[in-house]
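Input: a single structure, listed below in structure tokens.
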Amino acid sequence: MRLKGKVAVISGGARGMGAAEVELFAKEGAQVVFGDILHDEGKNVESVIKNAGGDAIYLPLDVTKEDNWHEVIKTTVERFGKLDILVNNAGISVFVSADEATVTDWDRQMEINAKGVFLGTRAVIPEMRKIGGGSIVNISSISGMIGQNNIHPAYNASKGAVRLL
């Protein structure tokens, strides 16, 4: 149980890689608070973890909303007394070529993939300072290192921003 005694917040934890992260952290002994905008899926992941004996709480989280981040962090600290780990996992992608890319798609991906990471990071730092440190894990992709074809250019740019943050 490598994470016994640790408290983690994971964004985008309702499905896919995020749900796998939530399950792994709980299996490794962490107390996990995870958020997403997919409420039914989030509640399902929470139930699976609790039924397996883990400790996890699902909370609604739109990573683009600063107030949402503050609520999640406040609830985490009220419930568990501290915050050790943040995993910035939430992200979206639109698979279109650069000539088909829209400004709306650009703005939405940058808001979730880059701004969401910034807001989450900024929200947890005061709590981590109180306990003398912590870990922030920012999930990127190969697009953070080299742009890929047929993926909206905002995805490539946002993942580069995450890697550098």
Side-chain angles (χ1 to χ4, degrees), residues 2-3 6-39 41-42 45-46 49 54-80 82-94 105-148 151-165:
R2 296 179 297 173
L3 298 175
K6 301 292 183 184
V7 178
V9 169
I10 300 175
S11 70
R15 68 176 177 197
M17 197 165 84
E21 293 162 358
V22 172
E23 290 177 25
L24 178 62
F25 274 54
K27 182 180 175 185
E28 289 295 333
Q31 297 168 305
V32 184
V33 176
F34 69 102
D36 209 305
I37 60 170
L38 304 172
H39 306 301
E41 293 93 330
V45 170
E46 179 185 61
I49 291 168
D55 196 354
I57 301 171
Y58 165 76
L59 296 173
L61 174 62
D62 178 339
V63 297
T64 69
K65 308 288 186 216
E66 191 170 16
D67 289 347
N68 276 190
W69 275 111
H70 291 300
E71 278 302 310
V72 167
I73 303 312
K74 178 182 173 197
T75 300
T76 300
V77 174
E78 285 175 354
R79 173 75 189 267
F80 298 115
K82 65 177 182 166
L83 173 57
D84 299 289
I85 304 164
L86 168 65
V87 179
N88 278 310
N89 174 74
I92 64 167
S93 60
V94 176
D105 289 336
W106 173 276
D107 289 344
R108 186 75 180 136
Q109 287 181 94
M110 292 300 284
E111 189 174 34
I112 293 169
N113 298 354
K115 180 182 174 186
V117 171
F118 164 70
L119 291 176
T121 299
R122 191 171 76 174
V124 302
I125 288 172
E127 292 302 325
M128 289 182 174
R129 281 189 176 138
K130 289 177 184 176
I131 63 168
S135 297
I136 299 174
V137 180
N138 295 329
I139 304 297
S140 183
S141 77
I142 190 66
S143 291
M145 301 187 67
I146 183 167
Q148 300 183 68
I151 293 180
H152 195 291
Y155 181 80
N156 293 321
S158 68
K159 292 305 180 175
V162 168
R163 186 176 66 81
L164 294 172
L165 181 62

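Position 1 is the first residue of the sequence; numbering continues from there. Values below: all heavy atoms of this structure, side chains included; hydrogens, waters and symmetry mates excluded. As the structure is a computational prediction, the values presented were derived from the model and not from experiment.
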Inset, instruction - Please step through side chain to side chain contact (heavy atoms under 4.5 Å, CB included) for the pair Ile10 and Ile85, ending with a clear verdict. - result: CA-CA 8 Å; Ile10 300 175; Ile85 304 164; over 6 Å; no
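- For the pair Asn113/Ile92, a side-chain contact is recorded, criterion being any heavy-atom separation below 4.5 Å from C-beta on.
- With sequence neighbours left out, the side chain to side chain donor-acceptor pair (under 3.5 Å) criterion links Asn68 to no other residue.
- Nearest heavy atoms, Ser11 versus Trp69: CB-CH2, 3.9 Å.
- Under the 4.5 Å side-chain criterion, counting only non-hydrogen atoms from C-beta, Leu83 is in contact with Ile73.
- When all heavy atoms of Leu38 and Ala14 are compared, the pair lying nearest together is O-CB, 3.6 Å.
- In terms of heavy-atom proximity, Val63 sits nearest to Ala90 at CG1-CB, 3.8 Å.
- For the ring-ring contact (aromatic ring centres under 6.0 Å, His included) condition, no pair includes a residue of residues 114-136, sequence neighbours left out.
- Using a 4.5 Å heavy-atom threshold, the side chains of Leu61 and Asp36 count as separate.
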For residues 19-34, which side-chain donor-acceptor pairs fall under 3.5 Å, sequence neighbours excluded?
from  : atom 1 : to    : atom 2 : distance (Å)
Glu28 : OE1    : Arg2  : N      : 2.9
Gln31 : NE2    : Asp55 : OD2    : 3.4

Inset, instruction - Show the numbers, then the answer: is there a side chain to side chain contact (heavy atoms under 4.5 Å, CB included) between Arg79 and Ile57? - result: CA-CA 10 Å; Arg79 173 75 189 267; Ile57 301 171; 2.8 Å; yes
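- Here the shortest heavy-atom pairing between Thr76 and Val72 reads OG1-O, 2.7 Å.
- Summarising the geometry of Ile139 relative to Met17, their closest heavy-atom pair is CG2-CE, 3.1 Å, with the distance given to 0.1 Å.
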Name the atoms and distances for all side-chain donor-acceptor pairs under 3.5 Å in residues 119-126, with sequence neighbours left out.
from   : atom 1 : to     : atom 2 : distance (Å)
Thr121 : OG1    : Asn88  : ND2    : 3.2
Thr121 : OG1    : Val117 : O      : 2.8
Arg122 : NH2    : Glu66  : OE1    : 3.3
Arg122 : NH2    : Glu66  : OE2    : 2.1

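- Asn89 is linked by a side chain to side chain donor-acceptor pair (under 3.5 Å) to nothing, counting only residues two or more places apart in sequence or in another chain.
- Qualifying side chain to side chain donor-acceptor pair (under 3.5 Å) partners for Glu127, counting only residues two or more places apart in sequence or in other chains: Lys130.
- By the side chain to side chain donor-acceptor pair (under 3.5 Å) test, Lys74 is found to be paired with no residue, residues two or more places apart in sequence or in another chain being considered.
- Atoms OG1 and NE2, from Thr75 and His70 in turn, are 12.5 Å apart once rounded to the nearest 0.5 Å.
- Applying the salt bridge (Lys or Arg N to Asp or Glu O under 4.0 Å) test to Arg108 and every residue at least two apart in sequence or in another chain returns Glu111.
- Residues passing the side chain to side chain contact (heavy atoms under 4.5 Å, CB included) test with Ile37, sequence neighbours excluded: Asp62.
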Inset, instruction - Might you work through the side chain to side chain contact (heavy atoms under 4.5 Å, CB included) test for Val94 and Gln109, ending with a clear yes or no? - result: CA-CA 8 Å; Val94 176; Gln109 287 181 94; 3.8 Å; yes
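- The minimum heavy-atom distance linking Pro60 with His39 is given by the pair CB-CE1, 3.3 Å.
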